[in-house]
There are 2 protein chains.
Amino acid sequence: MSIIPSLPLDVTGSRFRAIYRLQGNEKTARARAEDICIEETIEYPAELVPEGGIREHVFGKIETFETFGEAGYRAVISFADEITGFELPQLNNVLFGNISMKPGIRLLELDLSSSLLASFKGPRFGISGLRQLLNVNNRPLLATATKPLGLSAIQLAEMAYKLALGGMDIIKDDHGLGNQSFAPFYERISRTVEAVAKANARTGQKTLYLANVTGPFESMLERIYFAKEAGVDGLMLIPGHTGLDFMRRVADDDSINLPVMSHPAFTGSFVLSPEMGVSHLVLHGQLLRLAGADLSVFPNHIGRFASYSRQECIDIARGCNMPMGGIAPIFTAPGGGISPEVFGDMLDVYGRNVAYLMSSNLHRESTDLTGTVLRYRELLEKL
Amino acid sequence: MSIIPSLPLDVTGSRFRAIYRLQGNEKTARARAEDICIEETIEYPAELVPEGGIREHVFGKIETFETFGEAGYRAVISFADEITGFELPQLNNVLFGNISMKPGIRLLELDLSSSLLASFKGPRFGISGLRQLLNVNNRPLLATATKPLGLSAIQLAEMAYKLALGGMDIIKDDHGLGNQSFAPFYERISRTVEAVAKANARTGQKTLYLANVTGPFESMLERIYFAKEAGVDGLMLIPGHTGLDFMRRVADDDSINLPVMSHPAFTGSFVLSPEMGVSHLVLHGQLLRLAGADLSVFPNHIGRFASYSRQECIDIARGCNMPMGGIAPIFTAPGGGISPEVFGDMLDVYGRNVAYLMSSNLHRESTDLTGTVLRYRELLEKL
């Protein structure tokens, strides 16, 4: 007996699919798949739900279930579009909400319906838009960050000037540069915009300056609009701190109208354990595109992180480029201790729509930052 | 040689401490601790930084390093308050930003300086404030959620009425209730407020109704103010989707002035692997208190999740109650398939400042929801 009535429901439209890897033997893995169908939807005793609308339409459905190499099983589960309310936070609740607290389940890939995809604008610029801004047709991009934390706004701007003078394509603030007393946000942004503009005027090229915007939520839009007014060419946001949907909100905003680079700080725990969490492809690719990022920063498989495998980096590139309805493909921006020795391997891994994010080894090379950037640019142009 | 000047810096104030567990033998574990000092601060080649301000003040410092049972090593690392800018997102960058992408590192506990703690208001109500609102002095609270997804706003409100009539202390919306066509946000909130008020008028008791607010960022404050106007007694927020700092911003807002319950959806990956991520104590306790939550929802060690151990739940209770300067202690709100059989054990684990979050087994017991709540309340009053 149940207090849940059996009523028709307005959820008979299309369904989307999510692909999960499930640990354990067949019985355990199947139980996990069945659990996802319930825990991510009604989160209620299934036996109390009578035949009818909720059981038919709201429950998740196992579409396929099959062995998956030595890593357990792979299940494709479908959900009604309507239960997401066509809103990103609730979509993420359905994809990986409560089950994020259960072991042995990894979200591998999204296969969203065209109606769900159509409810997201995706990246405003994407690969082609960013290439237009830069006037760079086909080669990989060179990107860097101003650092270290502790420099003054004047020193950071001087560094940006030298880097831009060498022909750097993209300069961003280090993600740790917030609003510290030694380099206050407003001064840092203004001075760096000015420095990069001065260098661009000298070189006749276009270095884009992307401002890292972190801060208390009360100040986020104010800081973003300040940066826009000051003349930045784009923004860096950290969805680990703001939530993915804030990035989408910024990317969607016509009054902001700037490219967005996504930084992965605070989110590594989603991907590091292969038995659970969310795949690299989803975290650093598909979800970011839904949330409007134009560039996805993450650690390259060779470098000082060495925690992502080559295959996982290939998967990220796929997540950044695979067809997703009208959602544009985006640049991968691998970094974390890369050097010219790995340029070739990275091209194999990521293809040409990649921004090589370099700073530590660039600074190790020489105190002549401009000269080093010039040399790296030449190497890139020969790739 | 370095381009980094050796200058005095305005970061000579107090420092805060973070405690990490590091996997590996002594050499590996110490290298991880040293890596944290650099990666979470300058993120730059240490050898290029000359003697002086940045090296002395901005670098993290290993304060203690010792063996930690069979689980590797335990390091206490201190950081200058000033590098956080006294802002929560940048504090989280320092605590667990880039190193979230490196294996073998787990953030165990925060030991913040009094000046850093003083820059956060913390929970607006906390345990004592919430007890005042409820007029309940000493016993554990009974809490529940309206569900399943798929019910109409009218049906959800009817369910809330029956639950409130039995003397439920807190009723929240299920975290999956967003703004779906079958139960639109505004209608759901209005009808549930009305239903709970009607029940309160009949019982003479005070059931608090906490509205789950999820949605596109453009609508979040509008939805929150609507809920406030409609007469909700509190809010449930999901920092996994909004970021922790949005919760802090809502809790801090005098024009909102409502208790906040935090739901853990989408964040389980931080805690599930004991070798990495963030401890249960930090994720479900300390960070939530910095972010202003008054109640912390998470899965009880006995129940349908069974992914958190009893000790991990004890740790969460400690994180919700341990001294943190002026930051108030908060209620634990364990749920996920609990039943009256575990009331006693839960009292041992959590103490009396706990909200028992029950729905599945409450509904399994009988279709007479009011009667079941009455009986559970009696059980609680005898504890």
Side-chain angles (χ1 to χ4, degrees), chain A residues 1 3 9-11 41-45 48 53-54 58 82-83 85 87 89-90 92-93 96-98 100-103 147-150 174-176 178-182 214-218 241-243 245-246 249 264-270 272-273 276-277 299 305 307 360 363-364 367, chain B residues 1 3 9-11 41-45 48 53-54 58 82-83 85 87 89-90 92-93 96-98 100-103 147-150 174-176 178-182 214-218 241-243 245-246 249 264-270 272-273 276-277 299 305 307 360 363-364 367:
Chain A
M1 236 176 79
I3 61 155
L9 263 180
D10 183 23
V11 289
T41 58
I42 60 162
E43 201 196 330
Y44 190 83
L48 298 186
I54 292 179
V58 177
E82 184 49 51
I83 67 172
E87 298 178 347
Q90 174 56 14
N92 285 333
N93 268 339
F96 201 65
N98 273 2
S100 75
M101 289 168 281
K102 295 189 172 186
K147 45 171 101 172
L149 194 66
D174 197 22
H175 76 282
N179 186 34
Q180 291 94 348
S181 59
F182 43 82
T214 53
F217 250 105
E218 298 91 332
H241 303 318
T242 66
D245 198 67
F246 181 75
R249 181 246 172 282
F266 205 64
T267 64
S269 305
F270 282 104
L272 281 192
S273 171
M276 57 186 83
F305 282 79
S307 51
S360 293
H363 288 250
R364 279 193 181 104
T367 54
Chain B
M1 236 177 79
I3 62 156
L9 262 180
D10 182 24
V11 290
T41 58
I42 59 160
E43 201 196 330
Y44 189 83
L48 299 187
I54 291 180
V58 178
E82 184 50 49
I83 66 170
E87 299 178 345
Q90 174 55 14
N92 285 334
N93 268 340
F96 200 66
N98 272 2
S100 75
M101 289 168 281
K102 295 190 174 186
K147 45 171 100 168
L149 193 67
D174 196 22
H175 76 283
N179 186 34
Q180 291 93 349
S181 59
F182 43 81
T214 52
F217 250 105
E218 297 90 333
H241 303 318
T242 66
D245 198 67
F246 181 75
R249 181 244 173 282
F266 204 65
T267 64
S269 305
F270 283 104
L272 282 191
S273 171
M276 57 185 84
F305 282 79
S307 51
S360 294
H363 287 250
R364 279 195 181 102
T367 55

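Across A:Pro216, A:Pro264, A:Pro299, the residue that shares the most heavy-atom pairs under 4.5 angstrom with chain B is A:Pro216. Counting heavy-atom pairs under 4.5 Å between each of A:Gly176, A:Gly277, A:Pro45 and chain B puts A:Pro45 at the top. Of all the listed residues (A:Gly215, A:Gly85, A:Ser100, A:Gly178), the one sharing the greatest number of non-hydrogen pairs under 4.5 Å with chain B is A:Ser100. Each of B:Ser273, B:Ser269, B:Gly97 has some count of heavy-atom pairs under 4.5 Å with chain A, and the biggest count is that of B:Ser269. Your options are B:Thr214, B:Thr267, B:Asn179, B:Thr242, and the one with the most heavy-atom pairs under 4.5 Å with chain A is B:Thr242. Looking only at heavy-atom pairs under 4.5 Å with chain A, the residue among B:Met276, B:Arg249, B:Gln90, B:Glu43 that has the most is B:Glu43.
Between B:His363 and A:Tyr44, the angle of the ring planes goes over 60°, which puts this pair in the perpendicular group of the 30/60° scheme. Ring geometry, B:Phe217 versus A:Phe217: the interplanar angle falls under 30°, so the pair is classed parallel (tilted spans 30 to 60°).
With a threshold of 4.5 angstrom between heavy atoms, B:Gln180 approaches chain A through its backbone and through its side chain. The parts of A:Asn98 that come within reach of chain B are both its backbone and its side chain, each placing non-hydrogen atoms under 4.5 angstrom from that chain.
Closest heavy-atom contact between B:Pro103 and A:Ser307: CD-CB, 3.6 Å. A:Val58 approaches B:Leu149 most closely through the heavy-atom pair CG1-O, 3.5 Å.
The closest donor-acceptor contact from the side chain of B:Asn93 to the backbone of A:His175 lies under 3.5 Å.
Using a 4.5 Å heavy-atom cutoff, the side chains of B:Ile54 and A:Pro148 are in contact. Taking the side chain as every heavy atom from C-beta outward, B:His241 and A:Asp245 never approach each other to under 4.5 Å.
Rounding to the nearest 0.5 angstrom, the gap separating the CZ atom in B:Phe246 from the CD atom in A:Glu218 is 9.5 Å.
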Just do the side chain to side chain contact (heavy atoms under 4.5 Å, CB included) check on B:Ile42 and A:Lys147 with the steps written out, would you? CA-CA 7 Å; B:Ile42 59 160; A:Lys147 45 171 101 172; over 6 Å; no
